[in-house]
Amino acid sequence: MNAFSSLGLCGPLVQALSDQGYTTPSPVQRKAIPHILKGKDVLAAAQTGTGKTASFALPILQRLSESSPAGAGVRALVLAPTRELAAQVAERITAYGSGLSLRAAVVYGGVDMEPQIAQLKKGVDVLVATPGRLLDLLHKRELTLGGVETLVLDEADRMLDLGFIDAVRKIIAQLPAKRQNLLFSATFAPAVVELSNGLLVDPVRVEVSPANSAAELVQQSVYEVDWDDKPDTVRYLIEEGRWSRALVFIRTKKSADDLVAYLVQEGVAAAAIHSNKSQILRTRTLDAFKQGEVRVLVATDIASRGLDIAELPLVINYDLPRVAQDYVHRIGRSGRAGAEGRAMSLLSTSERKWLEGIEQLLKRPLTPEPLPFYDNGVEQPVDLSSANALGIAGKKTIKTVVRKSFKQKRNAPRKPDAKKGRVATKKPRARAGQSSSRKPSRGVKGTVEGSTPSKAQSPAAAPNKSNAARPAKPRRPSPWGHSD
Ligand code: AMP
């Protein structure tokens, strides 16, 4: 018997999973699906990357396909904190439900409401929504929630962090009292427990992993780098390591734009994703990154929440997050679905206190290492014993090796732009220490994601695939094996 059928899932769902290449349920799927199928409330501690979406989507689809509507309108409602997560969850639900005649839709802000209204009018069984847009639609009386049989709060901790609690409570007030409730959260922080106490009835608790489990699948390095050397270091790591793709996290929207401008100027296809970008642009940028047209995606924490990018080999922390938990979320973008990942963090002197917080959360030290050397894209082993004063060794490396590597490149004949077949033009660039509008500013000067937005809108970088980029590793078919 197929491992998914033994959880009680029906033929069309098992078939859809097999079409996706999924043969083995993940731990959260094994633990949650049988309870959700029975109609129980579930409180699950599971991060993105654990297969949590399928763990609620599959049993919800099955239950809906087996029963007739209890009321009018939407029958299952999934609330997600960000637009990207909502879009991805809806996309997964559509894929898993391809063999069933159920209709799924997604509504989120930042885009025209009319097409969403038109879709709702056609009838929707499963609705995925961000709280703000759903409230707007409810105020306009464009849908009714009186027929909701199952409510899912996805990434509930993030929902609370982002201040959606009032909106969530207003939405819940419009649901029928008798319903199934599922709450998924990366952590059981006190605020999450409080929310769940008022929401869930006799819930089954599912806890697949401690908060830092994603981090265990990812090889992590910390490099001490002067703040002004960070743009060069990012470029060095990506180019010399011949990474096919990298996601760079950065704290402020302005420094994200500046880093992208710098990388593009240096011939690296890069684009930024943050909350000042229109939703259409964010979606387009993400698609270009997933297609491999954009090699480096520079993202702020909020915009990147919930991003599910298969085969993301490298995450770089341009700066260290102030909230230690964000470090785990950031590096968890790599090494998803059980695959191995790589995370590199650039540490400037002023960020040591943030590193300590991260070490406390991970319950292990993250000792700075010298910057890696690469030979034809292959990282060379570093003799740590000879690299005394490790941090200093790291700083020396960037001053000598990194710049030497760029100098050699500058003297080498130009490579044509892979996509457009033209020679990339290179503008003169300010050296470190000189002011340059193209270099990212110090994080403190920019606008932190989530604070007052500006009107700036810049398009994604022109796609430019590097000839030197190595292909992404093939995905492993059964990432979770059979053990918990
Ligand atoms: P999630 O934690 O829901 O964001 O899922 C993480 C990734 O794992 C997504 O790309 C899913 O499509 C994928 N995934 C979910 N379930 C399985 C499975 N049983 N086997 C392999 N991959 C899966």
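Ligands are counted one by one from 1 in listed order, and the atoms in each one are counted from 1 as well.
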Original post:
Under the ring-ring contact (aromatic ring centres under 6.0 Å, His included) rule, what pairs show up with a residue in residues 36-67, not counting sequence neighbours?
Top reply: Phe56-Phe184

Subject >> Interfacing atoms of ligand 1 (cut-off 4.0 Å, heavy-atom, Thr53) >> reply: 1 (P), 3 (O), 4 (O)

Original post:
Strictly under 4.0 Å, does any heavy atom of Arg92 approach an atom of ligand 1?
Top reply: yes

Subject >> Location of contacts on Gln20 toward ligand 1, heavy atoms closer than 4.0 Å >> reply: neither

**OP:** Scan residues 151-172 for pairs that pass ring-ring contact (aromatic ring centres under 6.0 Å, His included), counting only residues two or more places apart or in two chains.
**Re:** none

Original post:
Which atoms of ligand 1 have any heavy atom of Thr24 under 4.0 Å away?
Top reply: 18 (C), 19 (N), 20 (N)

**OP:** Mind running side chain to side chain donor-acceptor pair (under 3.5 Å) on Arg284 and Gln279 for me, showing each step along the way?
**Re:** CA-CA 8 Å; Arg284 210 183 293 150; Gln279 188 53 41; over 6 Å; no

Subject >> Minimum heavy-atom distance between Pro59 and Leu9, given as atom pair plus value >> reply: N-CD2, 4.3 Å

Original post:
side chain to side chain donor-acceptor pair (under 3.5 Å) with Glu149: which of Arg75, Gln180, Arg179?
Top reply: Arg75

Subject >> N/O separation below 3.5 Å, Thr23 to ligand 1 >> reply: no

Original post:
Taking non-hydrogen atoms only, is Phe184 closer than 4.0 angstrom to ligand 1 via side chain, backbone, both or neither?
Top reply: neither

Original post:
Going by the order shown, which atoms of ligand 1 are within less than 4.0 Å of some heavy atom of Thr50?
Top reply: 2 (O)

**OP:** Heavy-atom contacts with Phe4 under 4.0 Å: which atoms of ligand 1 show up? List them by number with element.
**Re:** 19 (N)

Original post:
Is there a side chain to side chain contact (heavy atoms under 4.5 Å, CB included) between Ile172 and Leu199 once you walk through the steps?
Top reply: CA-CA 9 Å; Ile172 291 173; Leu199 187 69; 3.4 Å; yes

